[in-house]
Amino acid sequence: MKNNKIKIKSSNLNVHYGEKQALFDVDLDIYDKEVTALIGPSGCGKSTFIRCINRMNDVIDICKVEGSITIDDEEIIDKNLDVVGLREKIGMVFQKPNPFPKSIYDNISYGPTIHGLAENKTDMDEIVENSLKKAALWNEVKDRLNEAGTGLSGGQQQRLCIARAISVNPQVILMDEPCSALDPIATAKIEELIDELKKSYTIVIVTHSMSQAVRVSQRTGFFHLGKIIEVDTTEKIFKNPGNKMTQDYITGRFG
Amino acid sequence: MNKEQRLKKRHNAEKRFKLYGLTSILLAIFFVIFLLNAIFSKGSGAFLKTTIDVEVNFDADTLELSESPPLEDLENTDYYELAIDSILKVKKVNGLTEEKLLINLFSPDYEYEIRNFLLDNPKALNQTTVLKLTASDDFDQLHKGNYPRELPEERRRINNFQLNLYDELVNEGKVNKIFNSYLFTKGDSRNPELAGIGGALVGSFFTIVITLLLSFPIAIAASVYLEEFAPKNKITDFIEININNLAAVPSIVFGLLGLGILLGTFHLPRSTPLVAGITLALMTLPRIIIPCRASLKAVPPSIREGALAIGASKVQSVTHHVLPLAIPGTLSGTIIGLAQALGETAPLILIGMVAFVVDIPSIPTDPSASLPVQVYLWSEQAERGFVEKTSATIMVLLSFLITLNFIAVYLRQKFERKW
Ligand SMILES: Nc1ncnc2c1ncn2[C@@H]1O[C@H](COP(=O)(O)OP(=O)(O)OP(=O)(O)O)[C@@H](O)[C@H]1O
Ligand SMILES: [Mg+2]
């Protein structure tokens with residue numbers, strides 16, 4: 001498996017929350033149609049990093065982002081960039097499932113509606129069905145699309161959120177600890193799903209589970225105290241890490 | 001003190017504590033019942049009125065009308081003669097003084113009551129009909145058992161001759177109590193039996209509608225801006241503190257504001273629902289903003305993030321997701337704010353709504369009464385008829401307030417957070 005197309009490239013990325021610096025000169029390449037796992041101890045800036053990719057940090061008043069992130073060689077750390085268009089291209093799944101308190105159908109159809117992706121009801125039905133199928137949720141909910149999305153189980157809710165992210169046909173999906181609120185069975189389902197999704201999407205996943213990183217990712221980046229310590233293929237990182245700190249972290253000596 | 005004693009002491013303390021709580025709840029219930037009982041026992045009489053049967057012969061000749069007159073003629077002809085004749089036939093009396101005493105059994109509106117009957121039933125022309133004419137206040141109260149007939153004659157407004165007339169009429173079954181529709185259809189009057197809260201109801205309705213139309217959208221816009229868009233800085237904090245302070249400002253201060261600015265500077269018409277509505281809207285604004293902001297705050301940030309992450313703009317995330325979730329809480333806050341505004345008296349007194357207004361307002365710029373002010377006005381009157389009307393008005397006002405509060409509670413429970 002050799003993949004050389006770089007989808008996202010961050011260089012010299014520095015992020016401050018007020019006085020406090022959270023990321024230091026982060027250089028990281030994320031390859032197309034691959035799963036990149038980000039690992040590292042709590043508070044090291046993994047979430048901060050992936051939230052830069054879809055500019056979710058804009059919401060936080062005190063957050064200042066400097067440096068460069070390009071997606072397909074297009075700069076996105078740019079005040080004049082239309083974040084709405086960016087976020088259509090880059091979906092996000094959060095740590096805690098956050099479906100809208102609306103029906104399952106409306107949860108999926110919301111994105112396509114605001115981006116004008118469906119001409120009519122038939123189109124929309126198709127988008128909803130496809131998104132749910134891709135998220136491996138269709139069979140479980142096809143008879144109750146009008147019931148509240150919040151009434152599903154935690155794992156189903158998370159897959160609903162993945163379906164919601166897929167619905168606008170993004171190129172990249174960012175996942176911030178998507179399984180941390182789920183039980184092992186639901187986790188296994190999501191991992192299977194990620195494996196399937198990487199055929200069509202570039203995926204960045206933050207995880208605290210080493211085994212999960214090994215299972216789902218092709219490349220892994222290790223963060224520590226806001227710096228990227230090491231990034232390489234997952235195989236290399238876990239079999240033969242180049243850095244002592246990485247070694248200590250993945251063997252559970254600190255973190 | 002050994003273990004057993006301590007245990008016993010603790011149990012006793014618990015028992016005492018429960019007892020205090022129970023006592024205070026019983027006391028509260030007692031006061032509520034006492035209050036409701038006082039209002040109901042005084043006010044329920046006002047929903048009935050006393051009438052005296054009078055036979056009226058709508059003879060076209062007496063009324064100087066043609067055989068099938070147009071409506072216009074029916075309206076314009078003089079009914080006084082017919083009215084007096086009909087009343088004098090109720091009982092045989094001799095001489096002007098006795099005639100006058102008999103006529104005084106009736107409320108001075110007899111002429112209009114006869115006229116209105118014919119206007120409503122033009123077919124009654126040339127026929128004889130028994131009408132239930134409204135009795136005057138004194139006889140109304142006498143018939144309801146509120147008049148001290150055992151007083152010596154010289155201390156009563158009703159003299160012995162009239163008492164006899166009344167007793168005979170009662171024996172003939174001509175004195176009745178019927179539902180008092182005047183209470184809801186008429187405006188204020190100097191005669192208690194003719195006074196109603198129709199004007200006050202319409203006035204209060206206009207006022208509340210104006211208050212709602214002004215305060216609700218402004219409060220929503222202000223809350224959404226402060227909660228979702230405003231930068232978190234000193235100015236925002238300052239505004240927030242002042243909104244909270246405004247909610248605690250005594251209502252009479254808003255009355256002064258209305259008097260000084262709306263009447264004084266802008267010369268809006270005095271005693272009108274328009275001015276009352278604006279004044280109460282100012283008072284209600286902070287009382288809606290506070291629950292609205294609380295409801296917005298209660299919407300979890302994850303929902304905002306979810307919407308933003310799928311590519312909704314900030315405004316879309318607010319209008320599509322956050323605001324709809326905050327609306328039920330805001331609505332119940334709004335209804336409670338409006339209920340307070342509905343019962344507000346002091347600011348309305350300052351902007352001149354205490355004027356004696358007979359006509360029922362047809363537009364919000366007509367001078368008008370309002371329910372709480374009507375209570376205030378009538379409570380100052382000495383006549384017994386007004387005493388029961390005061391309580392009846394309070395009953396109507398209370399029933400509106402209770403209904404509004406029930407709606408608020410219902411909304412709150414029905415739409416309890418579902419995320
Ligand atoms: N909204 C914020 N305001 C201020 N500081 C923040 C904010 N969010 C994160 N930080 C700080 O930035 C640093 C990086 O946080 P971040 O959330 O990116 O860590 P993380 O690697 O995702 O940790 P975890 O694994 O616990 O989720 C932390 O020191 C944190 O305190
Ligand atoms: Mg995190």
Side-chain angles (χ1 to χ4, degrees), chain A residues 47 50-51 53-62 82-103 106-117 131 148-151 157 160-170 172-176 181, chain B residues 223-240 291-332 410-419:
Chain A
S47 300
I50 69 165
R51 288 167 61 93
I53 301 176
N54 68 346
R55 296 272 300 269
M56 279 302 279
N57 285 328
D58 290 14
V59 184
I60 302 166
D61 282 338
I62 56 168
D82 171 37
V83 291
V84 168
L86 174 70
R87 289 175 190 157
E88 189 185 345
K89 265 195 298 196
I90 302 185
M92 187 164 197
V93 177
F94 296 84
Q95 178 168 1
K96 222 177 116 230
N98 61 344
F100 301 132
K102 302 184 176 202
S103 72
D106 290 348
N107 261 284
I108 310 292
S109 68
Y110 180 67
T113 307
I114 58 174
H115 295 299
L117 300 185
S131 308
T150 40
Q157 287 190 20
L160 181 63
C161 292
I162 294 175
R164 181 175 72 189
I166 294 172
S167 67
V168 292
N169 204 14
V172 180
I173 302 175
L174 309 173
M175 299 184 171
D176 194 349
Chain B
S223 319
V224 167
Y225 177 75
L226 285 174
E227 208 50 55
E228 305 289 330
F229 295 97
K232 304 272 170 283
N233 57 22
K234 289 247 161 60
I235 303 177
T236 316
D237 287 347
F238 181 74
I239 293 176
E240 164 148 24
C292 182
R293 289 192 66 183
S295 312
L296 287 170
K297 258 202 194 90
V299 176
S302 66
I303 288 184
R304 293 179 181 81
E305 286 196 324
L308 291 176
I310 192 83
S313 65
K314 180 84 190 162
V315 174
Q316 285 173 327
S317 79
V318 171
T319 53
H320 294 166
H321 297 281
V322 180
L323 195 53
L325 292 174
I327 282 297
T330 310
L331 275 186
S332 76
Y410 171 78
L411 280 177
R412 213 168 7 210
Q413 283 177 351
K414 170 125 200 254
F415 296 99
E416 202 115 77
R417 60 188 58 177
K418 44 181 177 176
W419 49 81

Would you mind reporting whether Ile310(B) and Ser167(A) have side-chain heavy atoms less than 4.5 Å apart?
yes

Of all of Ala309(B), Pro301(B), Pro324(B), Ser313(B), which one pairs up most often with chain A through heavy atoms under 4.5 Å apart?
Ala309(B)

Which heavy atom of His320(B) sits nearest a heavy atom of Lys102(A), and at what distance?
O-NZ, 3.4 Å

Around atom CZ of Phe229(B), are there more than 12 heavy atoms of other residues, nucleotides or ligands at under 6.0 Å?
yes

With side chain to side chain contact (heavy atoms under 4.5 Å, CB included) as the test, would you mind laying out the steps for Val59(A) and Glu305(B) before giving the verdict?
CA-CA 9 Å; Val59(A) 184; Glu305(B) 286 196 324; 6.0 Å; no

For residues 84-96 of chain A, which side-chain N or O atoms pair as donor and acceptor with protein atoms under 3.5 Å away, sequence neighbours left out?
residue  : atom : partner   : partner atom : Å
Arg87(A) : NE   : Asn54(A)  : O            : 3.0
Arg87(A) : NH2  : Arg55(A)  : O            : 2.8
Glu88(A) : OE1  : His115(A) : ND1          : 3.4
Gln95(A) : NE2  : Glu177(A) : OE1          : 3.4
Gln95(A) : NE2  : Ser180(A) : OG           : 3.4

Does any heavy atom of chain A fall under 4.5 Å from the side chain of Lys232(B), the backbone, both, or neither of them?
both

Closest approach of Tyr110(A) and Ala312(B), non-hydrogen atoms and distance?
OH-CB, 3.6 Å

